[in-house]
Structures are given as structure tokens and as C-alpha cells.
Amino acid sequence: MFFKFYNIPDFDIANKIIGQNPTIKFASAFNLNDPYELKFNLKIDPESPKQRDDFFKYNPEKTEKDFLEWKKRITPNFIWYTEQEQRNGLAQTITLSSFTYSNKNNLMWSHYTNNHTGICVEYSKEMIEFLTRHENFFASDNVAYSKNPPVVDNTEDISIKIKKMMFNKQLEWKYENEFRIVLRSDENTDFIPIDRNFIKRVYIGSKCNLSTEIVELCKKLQTPVSYAITIGDSYDVKFSEYKENSSTMRAFWG
């Protein structure tokens, strides 16, 4: 199964996510919470035979003199500027949506549901397959985590370059265990309609103020719903399935 955490500031947002006509939000890389999104370190070796071949491949009208002049311009500043151009160019043509493989991570509940006041939605594998068949589908993969940004050789195949840029993040984000889907888009945000049968269960945060409204919506649409529980003898997030006419103590502060 795949999970996605949501901040729910009002019921309209909840309805857009888990209501009769649910959607999945895809956001521009510029709007994500990691300022290092799509970051990489570009390598340009002007002495590489492949770099020379590529220069004439993409500039067939150029001469040997032009190539020698280009080589002189390969300074750290030139490489940095080219790196930013490529990064921004990619960011302007895609939107992203992220999922994870567990609903029990306290940091995820804290960071993405506004301190446990939102929800986590469990989706079926079929929904992921549906999104990968979308007409604007570009790529999907698990995110890799590393101490330093990936090195992208300027002569690498474009598909390898893009994969490194889109599916790598700082080591500190490893707790997210992220699976990412990427669409081709020049929009700031895309909302992709999905079949509501792809929603397998809704988990309500232990401090959610809209829990009653969300439970009523789930009951109406026959979606299983559980409460996240943060009391007990451990730090583990546990879940209690909602049952009619029952009460659940979800947190010490009620």
C-alpha cells in the first residue's frame, strides 16, 4: 500500500482529498518544502572526447575554433550557471506528487499534517498504476538519499541526468521513504481526479479538530476510517478503527 499525509485546514480541503470526487495534488518543484529540490552537481570536462563529440553534435555549424573558444569559457562560474539553467528548466516543466510506504512515522505526522491535526490516506497499488498511465506521466521511482547532491556528467544521456535530478534528496530526508510520481506540466499545481475506490482507508491525526466531520464523510462514502493514538507505553503511533457509538482516547490532551 501507499500512504500520503495531508494538512487539513478546513473541511473543503478534506472533501477535495477524500470526498465523492477525490483528487491527487501535484505541485511544482518550486513549491515543495525542500529548497534543494532537484539539486545536482554538474561536471563538464572540456578535454573529454565525448564532450567534443557532443559539442559538434548539437552545434553542427560550429568550427574547431569555436570549440576551442568554448573550452576557454568552462570556468566554475560557467558550470554553476549552466547547472542552474538546467535545474530551473526541468522544474518549469514538471509537477510532483509524493507517497510513502508507512503511516506510522511520527515525523511525517508532525511535518505534513500540521502537528497531527490532519489525516493520512492509504491508497491502493492500482492508483499508482493509474497515475503512471496518465497522459502527462513522465517518470516514477523511489527517492534515493545521499550526503551530497548527485554528480551529473554533462555528456550523460538526458534520461540518466533527469533521473538523478528528480529522484535524489539529502540524507536527512531518508525518514520519508518517498516514492515519487512526476508529470509533465507547466502549471504551478495540478489536481488529478482519481477513482474513490483507490482510497482504502483514512487515518485521522490524534489532534485533528475536524475528526467528527471527516468520520461523517467517510461513513457516507463507506470508506474505512481509523484514529491515530499517541498514548500508551511507547512512542509508536497506533491506530484504532472507528466503530459506531464508540469513543477513542487519542491523546493526553483530548
Side-chain angles (χ1 to χ4, degrees), residues 1-29 31-34 37 95-124 127-128 131 143 169 172-181 188-194 196 198-232 235-243 246-254:
M1 294 295 180
F2 295 82
F3 300 89
K4 193 171 182 66
F5 292 82
Y6 294 95
N7 177 25
I8 306 293
D10 55 58
F11 184 71
D12 286 343
I13 296 296
N15 194 52
K16 196 164 190 174
I17 295 168
I18 59 173
Q20 184 65 52
N21 300 296
T23 60
I24 296 291
K25 179 181 177 180
F26 283 75
S28 165
N31 292 337
L32 301 181
N33 58 357
D34 181 6
E37 197 66 64
T95 52
L96 315 171
S97 193
S98 300
F99 303 85
T100 187
Y101 296 99
S102 173
N103 60 347
K104 296 183 177 181
N105 190 302
N106 264 309
L107 289 176
M108 297 290 281
W109 276 104
S110 179
H111 294 167
Y112 293 103
T113 71
N114 190 23
N115 299 324
H116 299 255
T117 63
I119 63 174
C120 176
V121 180
E122 179 180 346
Y123 297 102
S124 67
M127 190 204 68
I128 301 298
L131 292 174
V143 172
K169 296 184 71 172
E172 287 90 338
W173 296 98
K174 189 174 182 179
Y175 73 89
E176 292 187 339
N177 195 18
E178 180 182 349
F179 176 81
R180 173 174 287 184
I181 298 179
N188 194 47
T189 305
D190 291 310
F191 291 94
I192 306 301
I194 63 167
R196 70 170 328 281
F198 292 153
I199 298 175
K200 309 311 293 181
R201 183 174 290 272
V202 174
Y203 300 86
I204 300 175
S206 61
K207 297 164 65 177
C208 181
N209 295 323
L210 292 171
S211 58
T212 301
E213 293 90 337
I214 290 170
V215 165
E216 289 303 314
L217 177 61
C218 290
K219 285 168 57 179
K220 177 182 177 182
L221 298 174
Q222 298 183 317
T223 300
V225 59
S226 294
Y227 291 113
I229 304 171
T230 58
I231 62 174
Y235 287 126
D236 295 338
V237 178
K238 300 180 176 68
F239 301 99
S240 175
E241 183 171 6
Y242 168 79
K243 295 180 181 178
S246 66
S247 60
T248 300
M249 187 182 297
R250 295 176 289 139
F252 286 112
W253 44 84

ask   = Among all residues two or more places apart in sequence or in another chain, which pass the salt bridge (charged side-chain N to carboxylate O under 4.0 Å, His left out) test with K4?
value = none
query = Crowded around K16 NZ? As in, over 12 foreign heavy atoms under 6.0 Å?
reply = no
query = Would you call the rings of F179 and F2 parallel, tilted or perpendicular, where under 30° means parallel and over 60° means perpendicular?
reply = tilted
ask   = Among Y203, F99, W109, which residue meets the ring pair (Phe, Tyr, Trp, His ring centres under 6.0 Å) test with F5?
value = W109
task = To the nearest 0.5 Å, tell me how far S124 OG sits from R201 CZ.
result = 14.0 Å
task = Verify side chain to side chain contact (heavy atoms under 4.5 Å, CB included) between F191 and I24, making sure each step is shown before the conclusion.
result = CA-CA 6 Å; F191 291 94; I24 296 291; over 6 Å; no
inquiry  = Does either side chain, that of T95 or that of D190, offer a donor lying less than 3.5 Å from an acceptor on the other one?
reply    = yes
request  = Say whether, by atom type as modelled, one donor and one acceptor occur between the side chain of T100 and the main chain of E176 under 3.5 angstrom.
outcome  = yes
message = Using the rule given for salt bridge (charged side-chain N to carboxylate O under 4.0 Å, His left out), can you reason through K220 versus E213, listing the C-alpha separation, both sets of side-chain angles and the distance that settles it, and then say yes or no?
response = CA-CA 11 Å; K220 177 182 177 182; E213 293 90 337; over 6 Å; no
task = Hey, can you tell me if H111 and Y175 have their rings parallel, tilted or perpendicular (30° and 60° cut-offs)?
result = perpendicular
task = Can you see which heavy atom on L210 is nearest to which on D10, and at what distance?
result = CD1-C, 3.6 Å
request  = Nearest 0.5 Å please: distance from the CD atom of E122 over to the CZ atom of F198.
outcome  = 14.5 Å
